[in-house]
Structure formats: structure tokens, C-alpha cells
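All remarks here apply to the structure that follows.
Basis for what follows: all heavy atoms, side chains included, without hydrogens, waters or symmetry-related copies.
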Amino acid sequence: MGLAIEVLRGKGHVITKEEEEAATIAILLHDIGHGPFSHALEHSLVNGIRHEDISMLIMDKLNEEFDGRLTPAINIFKGKYHKRFLAQLVSGQLDLDRMDYLNRDSFFTGVSEGVISFDRIIKMFNVLDDDLVIEEKGIYSIENFLISRRLMYWQVYLHKTVVAGEMVLVKILKRAKMLAAEGAELFATPALAHFLQNEVTEADFFSSDIHLEMFTKLDDQDIFASIKVWRSHSDRILSKLCNMLADRNLYKVEISNEAPDPARVVMLRENTALALKLDDPDLEYFVFTDVIRNRAYDAGNSNINILLKNNSTIDIAKASDLSNLESLDKTVKKHILCYPRII
């Protein structure tokens with residue numbers, strides 16, 4: 001964010017010190033509402049509450065503590081600030097968060113396709129009619145950015161192993177919440193126990209401070225510690241799922257363009273029921289289907305506009321000479337079939 005503001009100031013755009021502070025606060029806090037394991041458990045602990053809404057709630061609470069000093073940052077975060085380009089730096093098709101996580105995740109996973117020249121892209125930033133635009137000479141860097149994002153989704157974020165791990169995590173918490181609702185005794189930190197024992201709706205979350213207080217105490221370790229203890233829990237389903245995750249004996253995942261053959265799903269369910277001695281209702285934890293989606297570029301939502309030499313703009317999908325770039329504007333939907341590796 002500091003580099004982006006420096007570049008835009010160098011091109012004659014007025015950004016005050018107060019606006020710089022507000023934009024920096026907004027980018028630092030925009031994802032603070034993420035719970036343990038980020039997107040994987042976003043709807044497992046609390047029902048139907050987006051992390052962006054929790055981020056907003058936390059920012060509002062901080063604003064009270066700091067006597068309103070976060071108001072400009074909140075307005076930028078909400079897209080209500082009169083300089084639209086500041087909000088686009090925080091959340092948009094070319095926001096600074098994406099610049100950050102693509103390089104970071106490429107580094108830590110060893111997948112080189114996600115490496116982008118973020119500093120070159122930022123140096124191509126400009127503003128026209130209050131909107132963030134990219135100078136024409138930066139078009140190839142943007143093409144690389146969009147293609148890298150698409151590849152990272154299929155090779156990392158939606159990789160079979162990642163999907164399998166996330167699905168086991170989701171099923172573990174689903175089972176734990178069901179057992180807690182039935183009165184079973186479960187080891188958990190106080191913060192995790194709060195969400196296992198209470199069905200917290202969106203209305204509940206925003207009407208009582210106790211839910212946010214407990215949520216902000218949660219991190220990955222709350223989940224990990226419980227899973228280690230639950231490995232020996234008397235409930236066979238919970239114990240099996242926790243051992244699967246801890247031993248990395250994850251689901252077998254098949255990804256296809258078409259929905260799985262229903263007959264094959266039935267066969268897998270029958271084989272799993274026999275192998276694991278499961279009743280029909282419990283099979284949903286081990287054999288199930290789902291859908292995953294990937295959209296590298298949403299042209300209808302905060303377009304990436306290229307600033308031409310005649311001072312007009314054109315959408316990147318139309319400006320690019322790459323024939324496959326327009327296809328990135330389509331949501332790719334794939335079907336997944338998960339089942340245990342014993343089959």
C-alpha cells in the first residue's frame with residue numbers, strides 16, 4: 001500500500017497523510033474477521049456469516065476505542081470514501097491483497113506459476129476519473145497476473161489434497177457440533193467450546209458482544225489441539241475423521257466436469273458402510289459430492305481497465321491479444337466426489 005500511494009502521488013494525484021493512514025489501516029484490517037483455517041471453516045463455526053462482516057464489526061469496535069480515528073479507513077473499506085481508487089486498492093480485481101497472497105503462497109508451496117511482478121504492476125498504477133487504471137505498458141504484467149491467479153487456484157487452492165484436507169476439517173467440526181448439541185462431553189478450549197455448544201446465527205453474532213469476544217480468541221491451535229484429543233474419543237465417527245486428518249489419510253478426491261455417476265456413488269456408499277460398519281445416516285461423513293468454482297477475473301465487478309495513450313480506457317479482456325484471457329471471465333465449475341481410501 002505504501003508503494004502504491006507513493007507511485008500515485010508521483011503521478012500527480014493528491015493523497016493526504018490522513019488518507020494514506022486510512023488506506024493502510026483498511027488493508028491491514030480487511031481480513032481480520034477470518035477465523036481458524038481461513039476460508040476452510042468460514043461457515044463451520046458460525047452460520048452464514050461472511051468474514052468481511054466480522055472484519056467490519058471488529059473495525060467498528062476498534063473505532064470506538066480510538067475515538068473515531070478509524071472512520072476514514074472504514075469508509076474506504078466499505079467503498080463509501082469519495083476517492084474510489086483507494087477502496088479499489090483494498091478490494092477489487094487488482095487489489096493489493098491479491099498481489100500479496102499470490103507471491104506469498106507461491107513461495108511457501110513451491111509453485112512457481114503464482115510468482116508475479118507486483119512491484120512492476122504497482123508502478124503501472126494510475127487514476128482516471130477517480131478509478132484505478134493500469135497504464136498500457138503494464139498490460140503484459142496484468143495478463144501474467146490473471147493467468148497466475150487461475151493456475152494457483154487449480155494447482156494450490158483447489159488442489160485435490162487441499163480440498164480433501166478442508167473437507168475432513170469441515171466434517172470433523174460438523175460431527176463435533178452435533179455431538180455437543182446432544183450433550184456429549186468434548187475437550188475444547190473455552191472459545192471453541194462456545195461455538196460447539198451454541199448454534200450462533202448471524203443475528204445472534206451481531207447482537208451480543210460475547211460471540212465476537214470468543215471468536216477473536218480462536219486460532220488454528222484451538223482446532224488442532226481438539227483434533228489431537230478427539231482422536232481417542234468414544235464416538236467412532238469423530239475419532240475416525242480426526243485420525244484421518246492427523247495421519248494424513250485423507251479422502252480420495254475425484255474432480256470432473258460432469259456430476260459423478262449416481263450408481264457409482266451408491267456403490268461407494270455401500271462398500272464404505274460394509275468396510276467401516278456404518279449406518280446410512282453416518283455415511284455422509286465419508287462419501288459425498290460437492291462443487292468447486294474458479295473465476296480468475298470478474299469483468300462485471302470492478303473491471304481492470306487499461307489506460308491507453310489517447311487517455312481512454314479499455315477492459316483488459318478486450319485489450320489483451322491473448323485469446324484465452326476472455327475465458328478467465330467465466331466461472332469454471334467442477335464436481336468433486338470424496339470417499340475414504342479404504343475402497
Side-chain angles (χ1 to χ4, degrees), residues 1-15 19 23 26-27 30 76-77 79 81-106 111-158 292-334:
M1 180 62 86
L3 176 60
I5 288 172
E6 180 187 324
V7 166
L8 292 175
R9 277 181 178 152
K11 293 178 181 177
H13 304 291
V14 177
I15 302 171
E19 288 169 338
I27 196 71
H30 81 285
I76 290 172
F77 179 77
Y81 196 73
H82 63 278
K83 294 183 179 178
R84 281 194 306 271
F85 66 89
L86 291 176
Q88 291 162 357
L89 290 172
V90 174
S91 179
Q93 294 293 307
L94 204 57
D95 63 50
L96 299 170
D97 180 38
R98 297 182 189 194
M99 305 263 182
D100 177 56
Y101 74 65
L102 283 176
N103 275 323
R104 184 182 67 238
D105 295 343
S106 291
V111 177
S112 60
E113 285 86 350
V115 177
I116 58 166
S117 304
F118 73 91
D119 51 343
R120 168 150 177 87
I121 293 175
I122 290 173
K123 285 171 183 173
M124 295 301 108
F125 279 177
N126 212 325
V127 173
L128 181 70
D129 297 331
D130 214 27
D131 283 315
L132 188 68
V133 294
I134 300 295
E135 293 170 355
E136 190 173 359
K137 56 189 174 182
I139 190 168
Y140 299 115
S141 297
I142 302 302
E143 288 174 349
N144 180 54
F145 164 78
L146 291 174
I147 292 168
S148 295
R149 189 162 182 264
R150 180 176 183 272
L151 291 172
M152 282 292 286
Y153 266 85
W154 291 126
Q155 292 191 333
V156 177
Y157 308 126
L158 297 177
I292 55 177
R293 292 178 173 84
N294 178 13
R295 187 173 190 174
Y297 176 52
D298 185 356
N301 176 26
S302 180
N303 299 37
I304 299 176
N305 285 319
I306 303 300
L307 179 64
L308 304 177
K309 290 182 175 63
N310 63 5
N311 224 33
S312 64
T313 61
I314 184 171
D315 186 89
I316 178 65
K318 293 182 174 60
S320 172
D321 54 10
L322 287 180
S323 58
N324 66 339
L325 206 60
E326 284 200 43
S327 67
L328 299 183
D329 186 27
K330 296 181 176 65
T331 299
V332 179
K333 182 175 84 169
K334 297 200 176 188

Open item on the list: Give me the atom names and distance for the closest heavy-atom approach of R293 to K333.
Closed with: NH2-CD, 3.6 Å
Open item on the list: To the nearest 0.5 Å, what is the distance between OH on Y140 and CZ on R120?
Closed with: 11.0 Å
- [ ] Please tell me if the side chains of L94 and I134 come closer than 4.5 Å, counting only heavy atoms from C-beta onward.
- [x] yes
Task: Note, L308 side chain near T313 side chain (heavy atom, < 4.5 Å) - done: no
Open item on the list: Are more than 12 heavy atoms, taken from residues, nucleotides or ligands other than Y157, located less than 6.0 Å from that residue's OH atom?
Closed with: yes
Task: Euclidean distance, I306 CD1 relative to E143 CD, rounded to 0.5 Å - done: 8.5 Å
Open item on the list: Would you say that V127 contacts V133 through its side chain, given a criterion of any heavy-atom pair below 4.5 Å between the two side chains?
Closed with: no
Open item on the list: Counting only heavy atoms from other residues, nucleotides and ligands, does the tally under 6.0 Å from CG of N310 exceed 12?
Closed with: yes
Open item on the list: The criterion is salt bridge (Lys or Arg N to Asp or Glu O under 4.0 Å); which residues satisfy it with D105, sequence neighbours excluded?
Closed with: none
Task: Student check: side-chain heavy atoms of N311 and L128 closer than 4.5 Å - done: yes
TODO: Answer yes or no: is there an ion pair linking K11 with E6, defined by an N-O contact shorter than 4.0 Å?
DONE: no
Open item on the list: I'd like to check W154 versus V332 (side-chain heavy atoms, cut-off strictly below 4.5 Å). Are they in contact?
Closed with: yes
TODO: Grab the two heavy atoms, one from S148 and one from V115, that are nearest each other, plus how far apart they are.
DONE: OG-O, 4.0 Å
TODO: Could you tell me whether the side chain of E136 reaches within less than 4.5 Å of the side chain of M124, counting heavy atoms only?
DONE: no
Task: Shortest non-hydrogen contact from A87 toward G79 - done: CB-CA, 3.9 Å
Task: Distance-only donor-acceptor check, side chains H30 and D95, under 3.5 Å - done: no
Task: Heavy-atom closest pair, residues L89 and L8 - done: CD1-CD1, 4.4 Å
TODO: Check the pair L102, R149 against side-chain contact (heavy atoms from CB on, under 4.5 Å), reporting the backbone distance first and the verdict last.
DONE: CA-CA 7 Å; L102 283 176; R149 189 162 182 264; 4.2 Å; yes
